[in-house]
There are 2 protein chains.
Amino acid sequence: MKKDQVTITDLARELNVSPSTVSRALNNSPFISVERKKVILELAKKMNYSPNQLALSLLNKRTKILGVVVPEITSYYFSTAINGIQDKVGSSGYKLMISQSNESFEEEIRLMEAMALVRVDGFLISPSSNTLNYDHFEKIKDSGFPLVIFDRDCVGLEADKVVVDDYSGAFQAVEYLIQTGCHRIAHITGSANLSTTQHRRKGYLDALQKNNYPILEDLMVIGDDSSSESGVACMQKLLDLEQIPDAVFCYNDAIAIGAMSVIRERGIEIPDQISLVGFDDEPYSSYFKPSLTSVWQPIYDLGLLSAKILLDNLEIEKDNPNYRFEVLKPELVIRESSRKIV
Amino acid sequence: MKKDQVTITDLARELNVSPSTVSRALNNSPFISVERKKVILELAKKMNYSPNQLALSLLNKRTKILGVVVPEITSYYFSTAINGIQDKVGSSGYKLMISQSNESFEEEIRLMEAMALVRVDGFLISPSSNTLNYDHFEKIKDSGFPLVIFDRDCVGLEADKVVVDDYSGAFQAVEYLIQTGCHRIAHITGSANLSTTQHRRKGYLDALQKNNYPILEDLMVIGDDSSSESGVACMQKLLDLEQIPDAVFCYNDAIAIGAMSVIRERGIEIPDQISLVGFDDEPYSSYFKPSLTSVWQPIYDLGLLSAKILLDNLEIEKDNPNYRFEVLKPELVIRESSRKIV
DNA sequence: TTTGTTTATGCAAACCTTTGCATGATACTA
DNA sequence: TAGTATCATGCAAAGGTTTGCATAAACAAA
């Protein structure tokens with residue numbers, strides 16, 4: 001029972017003028033007499049006219065809709081990024097079409113294709129952990145859609161990208177552990193494919209190396225994913241070692257929380273026996289007991305900046321692509337789960 | 001540099017036929033010869049044709065886009081509901097336009113108006129805590145948009161609604177506290193305006209009353225909002241009372257977590273001295289120490305069902321509105337933060 | 001009066017697709 | 001052979017809007 005919307009033609013018929021005249025009145029064209037303009041505007045208001053965006057989009061070839069695909073909406077991390085995107089985009093008149101890929105490569109493609117059909121004006125994508133092939137991104141680019149990749153890097157893909165310096169965050173965290181006297185520092189990783197996983201691991205390894213610490217295979221456990229459950233499983237492995245670690249640097253807070261519960265169960269003291277460090281600095285992390293030392297990420301800003309870049313691209317319609325690669329700095333937040341510098 | 005999309009006219013020109021013929025070939029019309037159809041379909045595939053959804057939308061007066069407005073995306077609660085919505089909608093070909101109102105009444109209106117302009121096919125709305133006036137909902141309904149209100153009820157508004165039985169959840173929780181021997185049961189509320197706040201409070205009060213417990217004004221603290229910070233502030237008030245409570249039923253987990261940290265700081269034992277119960281059963285709640293007793297809500301199902309109802313409405317285009325009011329049942333999840341039944 | 005200028009207006013095309021109706025061609029029936 | 005049925009195709013309208021171009025009217029200048 002959708003009521004028909006008032007159109008420009010309705011107004012025209014009512015006043016016995018042509019639709020063009022009405023259009024000119026509504027668009028502040030100079031080629032129209034002031035009196036007529038006044039009459040038309042009044043009627044438009046009275047009849048509650050609003051232009052049909054569909055017709056406009058068809059004409060202008062732009063929808064003022066941006067497509068956003070994230071691996072999952074239900075994570076604090078990505079929803080905060082979306083928050084940043086929304087805040088940036090809000091005043092610009094652009095709307096967001098948001099979807100989650102559930103870390104599925106196929107779903108990511110499917111979603112992007114659907115959005116391309118709707119003719120979104122551009123894409124903001126955080127690739128799934130199973131996205132190892134970038135053909136669909138290339139295709140989107142070839143079709144002329146502006147594309148910004150955020151959070152997770154696609155090495156080799158030429159596109160605007162905004163990421164967090166995971167390497168530096170991890171390096172900081174592990175150096176801090178070293179400075180506080182930890183000797184056997186373990187690492188629980190996230191999904192193997194992710195650029196973030198790789199960078200954090202590299203930061204971990206390099207910090208060890210720089211400080212002449214041996215790299216012990218046993219102490220690096222590869223998680224199935226980035227969940228608390230994976231943290232539980234991995235931490236159990238670590239505690240089953242003959243010689244357990246005295247510090248664990250976790251890929252993220254969820255894993256760290258899982259790890260914390262296992263450590264506690266076994267009656268091991270945090271941080272006296274094991275220092276624990278997470279990544280992401282989720283809101284609850286400060287409320288845990290002991291509160292969690294973690295690497296804070298400017299994830300809201302990540303969304304903000306990604307959206308800004310996309311909007312910039314939409315404005316200038318550049319021909320010679322000069323891709324931006326923005327790296328935001330994370331910060332170590334020291335709390336109770338790690339020992340203090342002596 | 002958006003490349004022009006291949007249109008039906010391009011195909012027609014290429015093959016020296018009319019666009020109508022091409023259209024018929026693509027739409028499996030019987031009024032076309034098999035050979036020609038084959039040729040056209042082949043060319044369409046070769047030239048990578050895909051129909052312009054904008055033109056179709058203009059023609060069919062439907063966009064296959066649904067508008068979703070939630071108070072905030074960054075909460076586990078609403079992002080999980082969106083998850084449910086997404087999963088329901090996914091296969092149907094509908095896309096989601098998602099926005100957050102940030103608990104602002106004006107923003108909610110603005111967002112809905114913008115979505116109406118884009119001609120979304122329907123709305124899924126969880127009203128902001130400051131939405132006390134429902135004129136904008138009525139207006140949307142009058143314009144013929146199907147509308148489903150979820151999670152937060154708008155009393156007096158005639159519309160399809162899907163909510164959780166907050167009353168029952170609260171009642172269960174408080175009765176459980178009574179059964180486990182608590183005598184001074186406090187309640188920290190959420191934002192005063194919310195239907196959920198009111199129902200949970202009513203559940204709390206009625207459970208006390210039914211068990212002949214006195215209702216003590218001191219023990220009911222009104223939170224500014226539903227955050228952990230508010231939980232901290234409210235719990236401090238409770239612990240500053242001459243006679244502190246021996247149980248606290250919190251509006252949600254965030255508040256409970258804040259409260260827990262204050263209780264711990266003061267050296268009070270949970271649950272021996274104070275039993276603590278939350279609401280929402282957020283994923284981390286089970287990892288807290290002590291793990292949090294909480295009321296689990298079928299929030300994913302809430303999203304799923306809301307979307308289902310909206311899709312149903314879109315199919316049948318009913319004239320005599322027969323609004324549905326669905327109430328989903330929450331469940332008390334007992335963990336360590338509350339005493340056990342003796 | 002004629003020509004030129006200014007100003008306001010309408011027409012029609014364009015954006016892309018679908019579909020009712022008309023037309024033309026072919027084949028079949030009487 | 002004439003008439004009819006069948007089938008494939010194209011035309012044009014519709015959906016709502018903007019805009020280049022043409023036109024009409026009014027008026028000023030020569």
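Worth saying up front: this structure is predicted, and the values here are computed from it rather than measured. The figures that follow rest on heavy atoms only: side chains count, while hydrogens, waters and symmetry mates do not. Numbers restart at 1 for each chain; the letters A, B, ... are given by sequence-line order, proteins then strands.
- Atom CG in A:Leu58 sits about 9 Å away from atom C1' in D:dG15, given to the nearest Å.
- Closest to the side chain of B:Ser20, out of C:dG10, D:dT9, D:dC11, is D:dC11.
- At whole-Å resolution of the value, CG in B:Leu15 and C1' in D:dA8 are 15 Å apart.
- Here D:dT17 presents its C1' atom at 13 Å from CD of A:Gln5, a figure rounded to the nearest Å.
- In the displayed structure, B:Lys139 atom NZ is contacted under 6.0 Å by at most 12 heavy atoms of other residues, nucleotides or ligands.
- In this structure a side-chain-to-backbone donor-acceptor pair under 3.5 Å is missing from A:Ser191 to A:Leu194.
- In terms of phosphate contacts, A:Lys61 brings no side-chain nitrogen or oxygen within less than 4.0 Å of OP1 or OP2 of C:dA14.
- OP1 or OP2 of D:dA8 has not a single side-chain nitrogen or oxygen of B:Arg36 nearer than 4.0 Å.
- Within 4.0 Å of B:Arg24, counting heavy atoms only, lies at least one base atom of the nucleic acid.
- In terms of phosphate contacts, A:Ser23 brings no side-chain nitrogen or oxygen within less than 4.0 Å of OP1 or OP2 of D:dT17.
- As rounded to whole Å, 9 Å separates atom C1' of D:dG16 from atom CZ of B:Arg119.
- Taking atom CG of residue B:Leu56 and atom P of nucleotide D:dG16, one finds them 15 Å apart after rounding to whole Å.
- Listed nucleotides: C:dC16, C:dT18, D:dT9. Nearest to the side chain of B:Ile32: D:dT9.
- A sub-4.0 Å separation between OP1 or OP2 of C:dT18 and a side-chain N or O of B:Asn60 is absent.
- For B:Asn52, taking side-chain heavy atoms from C-beta onward, the closest of the listed nucleotides C:dT18, D:dG10, C:dC16 is C:dC16.
- For the pair A:Phe123/A:Pro146, no side-chain contact is recorded, criterion being any heavy-atom separation below 4.5 Å from C-beta on.
- Between the side chains of B:Asn27 and B:Ser23, at least one donor N or O sits under 3.5 Å from an acceptor N or O.
- Projected onto DNA chain D by closest heavy-atom contact, B:Ser33 and A:Pro51 fall at different nucleotides, the more 5' of which corresponds to B:Ser33.
- Across the protein-nucleic acid pair, A:Ile8 atom CD1 and D:dT18 atom C1' stand 8 Å apart, rounded to whole Å.
- Which of D:dT9, D:dG15, D:dT17 sits closest to the side chain of A:Leu59 comes down to D:dT17.
- Checked for salt-bridge contact, B:Asp121 and B:Lys64 miss the test: no charged N lies under 4.0 Å from a carboxylate O.
- Distances shown here put a side-chain N or O of B:Tyr49 below 4.0 Å from the OP1 or OP2 atom of C:dT17.
- Atom CG in A:Asp10 sits about 8 Å away from atom P in D:dG16, given to the nearest Å.
- When each of B:Thr21 and B:Ala55 is assigned the nucleotide of DNA chain C bearing its nearest heavy atom, the one mapping closer to the 5' terminus is B:Ala55.
- We find that CD1 of A:Ile40 is positioned 12 Å from C1' of C:dG10, with the value rounded to whole Å.
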